[in-house]
2 protein chains.
Amino acid sequence: MARIRSQDYDKKRQSILKNAALLFADRGFAGASMSNLAIQCSVSKATLYHYYENKEAILFDVLNQHINLLVVDLQAAELEGKAPAKKLFLAIDALLKSYENADDTHRALINDLQILPKQDRRKIKVGERIIVQYFTDIIIENKPELADMPEKSMPLTMSLLGMLNWHYTWFKQDGPMTREAYSKMVCDLFLGGLNSDKL
Amino acid sequence: MARIRSQDYDKKRQSILKNAALLFADRGFAGASMSNLAIQCSVSKATLYHYYENKEAILFDVLNQHINLLVVDLQAAELEGKAPAKKLFLAIDALLKSYENADDTHRALINDLQILPKQDRRKIKVGERIIVQYFTDIIIENKPELADMPEKSMPLTMSLLGMLNWHYTWFKQDGPMTREAYSKMVCDLFLGGLNSDKL
DNA sequence: CCTACCGATCGGTAGG
DNA sequence: CCTACCGATCGGTAGG
């Protein structure tokens with residue numbers, strides 16, 4: 001017999017995730033209690049345990065869905081046949097757009113990933129590595145001689161990702177610069193530096 | 001009557017701070033208990049409350065000492081009379097060197113600053129703003145027309161600080177690139193981009 | 001600076 | 001006999 005699930009099972013699960021990400025980002029994993037989360041979700045604590053085995057499983061799902069969405073959004077960028085510089089801009093912009101409205105989950109990833117047991121942490125890191133490789137490949141397309149210099153291409157990739165991953169700490173939605181304008185600035189800054197004679 | 005302090009009062013206080021930073025970075029502020037900390041410091045829990053009024057006061061001191069040291073180390077860099085590009089390199093290198101052995105406090109700053117009450121948070125942010133201004137001034141020295149364009153210089157400064165503040169997530173002490181070599185790479189990358197015709 | 005505790009709240013689970 | 005929950009409370013531990 002097929003098991004029957006509540007009509008809004010997925011909707012409720014997503015609501016738990018959304019609220020958990022907010023709480024984890026706000027107070028940290030340990031500081032966010034299951035009671036807090038239950039109230040935030042307008043369900044009983046027991047209901048949370050119906051959807052998730054324990055608190056850690058919620059954190060894992062928050063981080064896993066976040067990293068999966070980033071990968072999907074990046075791979076949805078249509079780079080095929082574009083010039084290398086254009087590809088870099090599109091990739092940067094796709095990542096920044098994916099970060100939009102995901103500040104909470106981004107914070108949770110940065111702050112709380114290490115709390116997960118090794119096994120789970122490794123699964124998240126697989127997604128992170130895909131993103132790093134994605135950008136490394138585009139950077140190498142822009143400067144082919146880096147292909148055989150991982151000791152240079154790695155720090156360069158991490159520098160680029162540093163700019164993008166730090167963005168949430170200072171960017172204001174209603175500031176003087178749009179997300180897309182910042183994508184362009186980062187792309188120009190990075191490529192300008194990459195192609196200067198010093199590097 | 002003057003109160004008498006234990007001979008090693010300051011030494012013990014620093015030991016508490018050092019261990020607290022480690023615990024906060026490892027488990028987050030809420031996840032690090034005063035009991036954990038007492039054991040880590042080989043003192044009783046009551047002793048901790050002899051040195052600090054409460055748990056938040058320890059966090060504040062960790063973050064405050066960290067940010068103060070960063071400011072001091074930056075201001076100790078001898079920039080006087082150096083060329084603008086050289087100044088940028090020296091400032092970047094001073095910050096990265098100051099981060100050395102301070103990964104825990106850096107993590108605590110990123111993850112747990114928001115937990116402090118507004119008043120305390122503001123005190124820490126004063127130090128952060130000094131550092132941002134310090135780099136902005138040097139960037140403007142390297143590209144004077146940015147002086148009247150804060151809507152451009154601000155994102156540029158934050159991009160540079162993003163690279164530096166993200167460094168701890170991937171840098172390995174025994175990796176192929178030294179801290180100083182990375183300072184040089186970041187400096188060349190940033191100045192190369194800044195002086196390219198696109199920006 | 002210690003042991004011995006407190007009010008409260010933690011993550012998780014019982015019966016129905 | 002199932003699922004999807006609820007009110008109440010478990011044994012331990014938190015900050016103080």
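Every chain is numbered from 1 and lettered A, B, ... according to where its sequence line falls, protein lines coming before strand lines.
We find that B/Asp112 and B/Arg107 are not joined by a salt bridge, their nearest charged nitrogen and carboxylate oxygen being 4.0 Å or further apart.
For A/Ala46, the side-chain atoms get nearest to D/dC6 when compared with the rest of D/dG15, D/dC6, C/dC1. For A/His50, taking side-chain heavy atoms from C-beta onward, the closest of the listed nucleotides D/dC6, C/dC1, D/dA4 is D/dA4.
Applying the side chain to side chain donor-acceptor pair (under 3.5 Å) rule to pairs touching residues 78-87 of chain B yields B/Lys87-B/Glu141, sequence neighbours excluded. Here ring-ring contact (aromatic ring centres under 6.0 Å, His included) pairs that include residues 74-100 of chain A, with residues two or more places apart or in two chains, are A/Tyr99-A/His106. Evaluation of the side chain to side chain donor-acceptor pair (under 3.5 Å) test over residues 187-199 of chain A, restricted to residues two or more places apart or in two chains, returns A/Lys184-A/Asp188. Annotation: salt bridge (charged side-chain N to carboxylate O under 4.0 Å, His left out) contacts involving residues 90-102 of chain B, sequence neighbours excluded, comprise B/Asp93-B/Lys97, B/Lys97-B/Glu180, B/Glu100-B/Arg179.
For A/Lys55 and A/Phe29, the positive end sits near the middle of the six-membered ring, less than 6.0 Å away and at most 45° from its axis.
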Pairs under 3.5 angstrom only: tabulate donor-acceptor contacts from the side chains of residues 145-157 of chain A to other protein residues two or more places apart or in another chain.
| unit_1 | atom_1 | unit_2 | atom_2 | d |
| --- | --- | --- | --- | --- |
| A/Thr157 | OG1 | A/Thr136 | OG1 | 2.9 |
| A/Thr157 | OG1 | A/Ser153 | O | 2.9 |

With a cut-off of 3.5 Å and sequence neighbours excluded, list every side-chain donor-acceptor pair involving residues 32-40 of chain B.
| unit_1 | atom_1 | unit_2 | atom_2 | d |
| --- | --- | --- | --- | --- |
| B/Ser33 | OG | B/Ser35 | N | 3.4 |
| B/Ser33 | OG | B/Asn36 | N | 2.9 |
| B/Ser33 | OG | B/Asn36 | OD1 | 2.9 |
| B/Ser33 | OG | B/Asn36 | ND2 | 3.2 |
| B/Asn36 | OD1 | B/Arg27 | NH1 | 2.9 |
| B/Asn36 | OD1 | B/Ser33 | N | 2.9 |

Distance-only donor-acceptor hits, side chain of residues 117-131 of chain A, under 3.5 Å, sequence neighbours excluded:
| unit_1 | atom_1 | unit_2 | atom_2 | d |
| --- | --- | --- | --- | --- |
| A/Arg121 | NH1 | A/Gln114 | O | 3.1 |
| A/Arg121 | NH1 | A/Leu116 | O | 3.0 |

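Evaluation of the side-chain hydrogen bond (donor to acceptor under 3.5 Å, both in side chains) rule for B/Asn68 yields no partner, not counting sequence neighbours. Residues that satisfy the salt bridge (charged side-chain N to carboxylate O under 4.0 Å, His left out) test with A/Glu56, not counting sequence neighbours, are absent from this structure.
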Both distances under 3.5 Å, Watson-Crick or G-U wobble: on that basis, could you give the dot-bracket string for DNA chain C, with [ ] for crossing pairs and | for other-strand partners? ....||.|.||.|.|.

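Rounded to an integer number of Å, the gap from A/Lys45 NZ to C/dG11 C1' is 6 Å. In this entry the distance linking NZ of B/Lys12 with C1' of C/dC1 reads 8 Å, nearest Å. If you take NZ of A/Lys11 and C1' of D/dA4, they are 17 Å apart, rounded to a whole angstrom. Distance CZ (B/Arg13) to P (C/dC1): 13 Å, rounded to an integer number of Å. In this structure, the OH atom of A/Tyr49 is 7 Å from the P atom of C/dT13, given to the nearest Å.
Interface residues of residues 53-61 of chain B facing DNA chain D, ordered by number: B/Asn54, B/Lys55; criterion, heavy-atom separation under 4.0 Å. Less than 4.0 Å separates DNA chain D from at least one heavy atom of each of the following residues of residues 19-44 of chain A: A/Ser44.
For D/dA4, neither phosphate oxygen OP1 nor OP2 lies less than 4.0 angstrom from any side-chain nitrogen or oxygen of A/Tyr51.
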